[in-house]
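Below, chain A is the first sequence line, B the second, and so on; all start at residue 1.
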Amino acid sequence: MEQFDLALIDWSRAQFALTAMYHWIFVPLTLGLSFIVAIMMTIYVKTGDELWKKITKFWMTLFGINFAIGVATGIILEFEFGTNWSNYSWFVGDIFGAPLAIEGIMAFFLESTFIAILFFGWGRVKPGFHLLSAWLVAIGSNLSALWILVANAWMQNPVGMQFNPDTARNEMLNFWDVLFSPTAINKFLHTISSGYVLSAVFVVGVSAWFLIKKRNVIFAKRSMVIGAVFGLLSSFYLILTGDESAREVFRTQPMKFAAMEGLYDGETNAPLVVIGLMKQLPDPQNPNLERFAFKLEIPNLLSYMAALNPNAFVPGIRDLVHGNEEHGLMSYYEKIEKGKIAIQALSDYKTALEAKDQATADVNLKLFKANYAYFGYGYYDDPHSLIPHVPLTFYSFHLMVGLGMHFLILFIVILVLIFRKKIEKVRWVLYVALWTIPLAYIASQAGWIVAELGRQPWVVQDLMPTLSAVSNIDKGAVMTTFWIFAITFTVLLIAEIKIMVSQIVSQSKNEGGH
Amino acid sequence: MTIFHRIFYFYRDGFRRMTVGKQLWLIIFIKLFIMFAILKLFFFPNFLQTNFSTDEERSDYVLEQLINKK
């Protein structure tokens with residue numbers, strides 16, 4: 001048996017995480033700001049008010065800067081699939097390829113065509129067509145996100161496919177099952193609504209800076225109203241989609257759900273930890289150790305959140321590892337055995353085919369199919385290797401939720417102050433709004449940490465762990481490209497911030513343009 | 001003026017009037033050059049495409065990886 005190079009796996013994971021997280025810095029602002037610009041332009045076209053035109057142009061410029069710096073950063077992830085994750089790319093080929101191909105075609109035609117009309121069309125195309133372009137850019141950006149999120153959702157909950165043991169590839173049986181799986185729908189809606197909230201925080205925060213500086217006050221207040229209303233509505237939607245996403249995780253990825261809540265021992269009427277300070281990682285020698293140094297709980301809420309039933313049983317990490325007969329949970333020990341049977345059956349099937357022994361091949365194929373659902377577990381001996389990093393998942397989840405609540409309250413406070421005509425006088429709120437911009441990015445990244453780190457070690461849930469997905473390539477090359485990416489993306493981020501800040505300062509002195 | 005002329009002038013004038021856009025296009029071109037001319041070419045060959053010539057060989061290799069990695 002071949003031994004895995006753990007350092008290669010770790011560097012490959014670190015590289016993918018780095019590029020995905022940098023890519024995600026640019027994406028959410030594009031998703032939401034495109035709609036905010038379309039709303040502002042709609043008001044301009046309906047009212048003919050020149051100030052709304054100026055407002056639209058300013059936010060459109062910031063949208064353009066973010067779009068230009070961020071465009072194509074996602075392509076690097078595709079490079080990595082082919083080089084660093086070749087086993088995975090082959091294994092998922094048809095399933096992953098179809099949504100990505102659609103994304104490429106749709107994104108190219110919708111975004112590249114209509115973005116040009118949006119930016120070059122002032123006074124050169126009819127206002128109605130110009131406005132239509134703004135909405136199509138927004139819809140196109142969000143549809144691009146749909147396809148990549150469908151692909152990601154399939155990795156979290158693989159449906160609509162069948163593994164072909166002759167080609168080692170999963171083949172799509174039903175495209176609509178992949179597209180409309182509850183995981184895909186929830187992931188898409190929750191992710192784009194998080195982008196809307198981030199964009200609203202950005203608009204409110206930048207507008208707050210104008211008010212702090214007492215520059216372009218009417219301009220800033222109008223922008224702030226649009227940002228705060230859009231943010232408030234998006235926040236409510238974000239909570240709804242988050243709630244549904246959590247239930248989906250409970251159904252399809254119970255280990256991730258348990259890690260999100262730091263739940264080691266399952267229980268009925270499970271309480272929700274609102275705030276908690278975890279101790280060290282679990283000690284297998286001392287399973288009854290209290291896991292929290294401090295925690296504030298709401299009784300029954302976790303059970304209700306998971307199954308809409310306050311009396312529902314929520315399995316903990318130990319229930320999943322050791323099994324729970326009372327609640328019909330198969331242990332990881334048993335799943336590992338079944339996974340090993342699947343791997344051995346696949347090997348024997350291949351050997352029998354090479355020996356032209358069809359009868360043995362058929363027996364092994366049947367055995368393989370019966371155990372394929374646990375295939376990935378077969379790579380492990382110790383079930384504790386199948387537990388994600390609990391404290392990091394727990395803290396990322398609670399940070400995301402806590403900051404989400406902060407954004408909601410901020411939007412409400414901002415709107416109340418604006419409608420009471422007190423927004424300029426309560427300066428601490430303006431400073432809070434300004435400093436909430438980086439917090440929105442932290443919350444957004446934390447959400448992805450929960451989604452991706454919380455499902456470790458799986459690349460494809462239950463079927464393929466990271467260790468069997470990685471290519472046998474030189475670790476040194478991965479380390480080199482990690483640092484190249486780190487430097488390149490950091491330079492791009494600095495360029496984005498510098499150009500944006502210069503545009504914001506320029507607009508505050510009434511010199512805006514695009 | 002034909003539709004093609006109008007589209008050409010639309011883009012030409014749009015690019016000429018850009019202010020921040022020129023700086024952004026420069027960044028985009030540098031970024032694409034680094035990605036495709038350096039990273040893709042020298043650091044990111046497609047592992048299976050480079051090392052195997054047929055899909056059958058690729059299938060066999062991945063199957064062997066799935067079976068023997070432990």
Is there a side-chain contact between A:T167 and B:E56, using heavy atoms and a 4.5 Å cut-off?
no
Give me the atom names and distance for the closest heavy-atom approach of B:S59 to A:A168.
O-CB, 4.1 Å
Those residues of residues 75-85 of chain A that come under 4.5 Å of chain B on a heavy-atom basis, listed by number, are A:I75, A:I76, A:F79, A:E80, A:G82, A:T83, A:N84
To the closest 0.5 Å, what do you measure between CG (B:L48) and OG (A:S471)?
7.0 Å
OG1-CD1 distance between A:T488 and B:I38, expressed to the nearest 0.5 angstrom
8.5 Å
So, the part of A:V491 with a heavy atom under 4.5 Å from chain B: the answer is neither
Rounded to the nearest 0.5 Å, how far apart are CD1 of A:I343 and CG of B:L66?
8.0 Å
When rounded to the nearest 0.5 angstrom, what is the spacing between CZ in B:R17 and CH2 in A:W122?
13.5 Å
Look at atom CZ of B:F33 and say whether more than 12 heavy atoms of other residues, nucleotides or ligands are closer to it than 6.0 Å.
no
Relative to chain B, which segment of A:T480 carries a heavy atom at a distance below 4.5 Å: side chain, backbone, both, or neither?
side chain
If you draw a 6.0 Å radius around CZ in B:R12, do more than 12 non-hydrogen atoms from other residues or ligands fall strictly inside?
yes
Just so I know, are the side chains of A:R124 and B:D13 near enough to count as touching, which here means a heavy-atom distance under 4.5 Å?
yes
Under a 4.5 Å cut-off applied to non-hydrogen side-chain atoms, are A:V478 and B:F43 in contact?
no
Which distance, rounded to the nearest 0.5 Å, do you find between the OG of A:S86 and the CG of B:N51?
8.5 Å
Ring center gap for A:Y88 and B:F47 short of 6.0 angstrom:
no
Scanning both residues in full, the closest heavy-atom pair of A:G64 with B:L24 reads O-CD1, 4.0 Å
Under 4.5 Å from a heavy atom of chain A, the part of B:I27 involved
side chain
Roughly how far apart are A:D166 CG and B:L63 CG, rounded to 0.5 Å?
8.0 Å
Derivation and outcome, ring-ring contact (aromatic ring centres under 6.0 Å, His included), residues A:F119 and B:Y11:
CA-CA 10 Å; A:F119 280 91; B:Y11 277 90; over 10 Å; no
Counting only heavy atoms closer than 4.5 Å, note whether B:I30 contacts chain A via side chain, backbone, both or neither.
neither
Do you know the tightest heavy-atom contact between B:K31 and A:I69?
NZ-O, 2.6 Å
Does the side chain of B:D55 reach to within under 4.5 Å of the side chain of A:W90, using non-hydrogen atoms?
yes
Under 4.5 Å from any heavy atom of chain A - which part of B:Y61
side chain
Flag yes if more than 12 heavy atoms outside B:K22 fall under 6.0 Å of its NZ atom; otherwise flag no.
yes
Correct closest heavy-atom pair for B:M35 and A:T73 would be CE-CA, 3.7 Å
Before giving the answer on side chain to side chain contact (heavy atoms under 4.5 Å, CB included), spell out for A:N472 and B:Q65 the whole-Å C-alpha distance, their side-chain angles and the decisive distance to 0.1 Å.
CA-CA 10 Å; A:N472 269 330; B:Q65 289 279 301; 3.5 Å; yes
Select one option (side chain, backbone, both, neither) describing which atoms of A:A495 are under 4.5 Å from chain B's heavy atoms.
side chain
Evaluate the side chain to side chain contact (heavy atoms under 4.5 Å, CB included) criterion for residues A:I499 and B:V20: first the C-alpha distance (whole Å), next the side-chain angles of each, then the deciding distance (0.1 Å), finally the verdict.
CA-CA 8 Å; A:I499 298 170; B:V20 190; 3.8 Å; yes
Can you tell me which portion of B:Q23 sits under 4.5 Å from chain A's heavy atoms? Options are side chain, backbone, both or neither.
side chain
Using a cut-off of 6.0 Å, state whether more than 12 heavy atoms not belonging to A:K369 lie near its atom NZ.
no
